[in-house]
S.K.: 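Structure in structure tokens, see below.
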Amino acid sequence: MLITEGVEKRFGGLTAVNNVSVNVKEGEIFGIIGPNGAGKTTFLNCISGFYEPEKGKVIFKGQNIVGLSPHQLCHKGMARTFQIVRSFPKMSALDNVKVAAVFGGKKHKNPEKQAEELMDFVGFPVAKNILTENLNTMQLKRLELARALATNCQLLLLDEVAAGLTPSEIPDFIALIKRIRDSGVTIITIEHVMKFIMGVCDRITVLQFGTQIAEGTVEEIKSNPKVTEAYLGEEHVG
Ligand SMILES: Nc1ncnc2c1ncn2[C@@H]1O[C@H](COP(=O)(O)OP(=O)(O)OP(=O)(O)O)[C@@H](O)[C@H]1O
Ligand SMILES: [Mg+2]
């Protein structure tokens, strides 16, 4: 679904992403973790067309997509939670999803119906016509996911989607992300919340100072001493 080969992105003298190669398979939930400033968001920006890497390839469904814009990638089936159509605070939650359904990707015959169905699918817990500015974090996260899905994406990129959720909200959220995967969407997720990442991912790659220091299953990552060391002084893995 998504392959990167030797992706490099520099900011002046700083190499924020250094020779990163991943191979995310269709139907996988793939995690990217690492300490603050490790290059996770920059790497995701290279995948989603927000940045053009100085070196390397990004291959989406067999095509090198370096140089394409986020908008073009959206139409090719790649969505990103915070970057699609930003939510409009003065609009209802339902209308926000409808906007994404109409402008985000493929045309739908009935955007209204599709928006309603997606809000049910993500378990939107309050009235669908509530003004978006009145939503709490958990409700906004679900809205963001419904909007991303409204673009009919095959690959969904999530940057810290569990941030700000209470520990008791995490298990439901893990179930939701798995439900999205089971509906046919491949997922790449960046996260600091270890309870979330360890509960949801099939495989994880670990970045430190822009470089990959480990990759493997949850169990492999948890027991990798390099990973524990990278996180010393930070929230520990577990
Ligand atoms: N637009 C930019 N211009 C200059 N430096 C940048 C820019 N964006 C990121 N950086 C630097 O690149 C490095 C990687 O940043 P990035 O935001 O990708 O890390 P991250 O792993 O997402 O961190 P966090 O966990 O804090 O979100 C950091 O040293 C950061 O200061
Ligand atoms: Mg980041």
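Both ligands and their constituent atoms are indexed starting at 1 by order of listing. Start at 1 with the first residue, then count along the sequence.
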S.K.: So, do Leu68 and Ile65 sit near enough that their side-chain heavy atoms are less than 4.5 Å apart?
M.R.: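 Side chain of Leu68 against side chain of Ile65, heavy atoms only: contact under 4.5 Å found.
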
S.K.: Could you list the atoms of ligand 1 found under 4.0 angstrom from a heavy atom of Ala16?
M.R.: 12 (O), 13 (C)

S.K.: What is the nearest protein non-hydrogen atom to atom 14 (C) of ligand 1, stated with its residue, atom name and distance?
M.R.: Gly37 O, 3.3 Å

S.K.: Answer yes if the ring centres of Tyr51 and Phe11 are under 6.0 angstrom apart, and no otherwise.
M.R.: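 Distance test on ring centres: under 6.0 Å, yes.
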
S.K.: Using a 4.0 Å cut-off to any heavy atom of His192, which atoms of ligand 1 qualify?
M.R.: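 Matching atoms, with element in brackets: 24 (P), 25 (O).
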
S.K.: So, do Thr4 and Phe43 sit near enough that their side-chain heavy atoms are less than 4.5 Å apart?
M.R.: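 A side-chain contact exists here, since the closest heavy-atom pair is under 4.5 Å.
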
S.K.: Any protein heavy atom under 4.0 Å from atom 10 (N) of ligand 1?
M.R.: yes

S.K.: Atoms of ligand 1 less than 4.0 Å from Leu14 heavy atoms?
M.R.: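 With Leu14 as reference, the close atoms of ligand 1 come out as 11 (C), 12 (O), 13 (C), 29 (O).
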
S.K.: Starting from atom 26 (O) of ligand 1, what is the nearest protein heavy atom, named by residue and atom, and what distance separates them?
M.R.: Asn36 ND2, 2.9 Å

S.K.: Relative to the heavy atoms of Thr42, which atoms of ligand 1 are at a distance of less than 4.0 Å?
M.R.: 9 (C), 14 (C), 15 (O), 16 (P), 18 (O)

S.K.: Out of Phe209, Phe11, Phe43, who gets a non-hydrogen atom closest to atom 5 (N) of ligand 1?
M.R.: Phe11

S.K.: Which N, O or S atoms belonging to the protein are less than 2.8 Å from the Mg ion (ligand 2)?
M.R.: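 Within the sphere that stays under 2.8 Å of the Mg ion (ligand 2), the protein atoms of type N, O or S are Thr41 OG1.
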
S.K.: Hey, mind stepping through Ile170 and Val193 against side-chain contact (heavy atoms from CB on, under 4.5 Å) and telling me if it holds?
M.R.: CA-CA 9 Å; Ile170 299 284; Val193 180; 3.9 Å; yes

S.K.: Considering only heavy atoms of Tyr51, which atoms of ligand 1 have at least one such atom less than 4.0 Å away?
M.R.: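 Answer for ligand 1: 1 (N).
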
S.K.: For atom 27 (O) of ligand 1, find the nearest protein heavy atom and state the residue, atom name and distance (0.1 Å precision).
M.R.: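 Scanning the protein heavy atoms, the shortest distance from atom 27 (O) of ligand 1 goes to Glu160 OE2, 3.7 Å.
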
S.K.: Is Arg181 paired with Asp202 through a side-chain N to carboxylate O contact shorter than 4.0 Å?
M.R.: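 Yes, Asp202 and Arg181 are salt-bridged.
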
S.K.: Do the non-hydrogen side-chain atoms of Cys46 and Pro53 ever get within less than 4.5 Å of each other?
M.R.: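 They are in side-chain contact.
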
S.K.: Counting C-beta onward and ignoring hydrogens, is there a side-chain heavy-atom pair between Lys128 and Ser92 closer than 4.5 Å?
M.R.: no

S.K.: For Lys57 and Val7, indicate whether the former's side chain and the latter's backbone hold a donor-acceptor pair under 3.5 Å.
M.R.: no

S.K.: Under 3.5 Å, is there a donor-acceptor pair between the side chain of Lys222 and the main chain of Met198?
M.R.: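 The answer is no, because no donor-acceptor pair under 3.5 Å joins these two groups.
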
S.K.: Work out whether the distance between some heavy atom of Gly34 and some atom of ligand 1 is less than 4.0 Å.
M.R.: no

S.K.: Report, in ascending order of atom number, the atoms of ligand 1 lying under 4.0 Å from any heavy atom of Ala38.
M.R.: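 What qualifies from ligand 1 is 19 (O), 20 (P), 21 (O).
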
S.K.: So with a 6.0 Å cut-off around CZ of Phe121, is the heavy-atom count from everything else above 12?
M.R.: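 Enclosed: over 12 neighbouring heavy atoms sit under 6.0 Å from CZ of Phe121.
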
S.K.: Treating Thr211 as the side-chain partner and Leu207 as the backbone partner, does any N or O pair qualify as donor plus acceptor under 3.5 Å?
M.R.: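 No, Thr211 side chain to Leu207 backbone: no donor-acceptor pair under 3.5 Å.
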
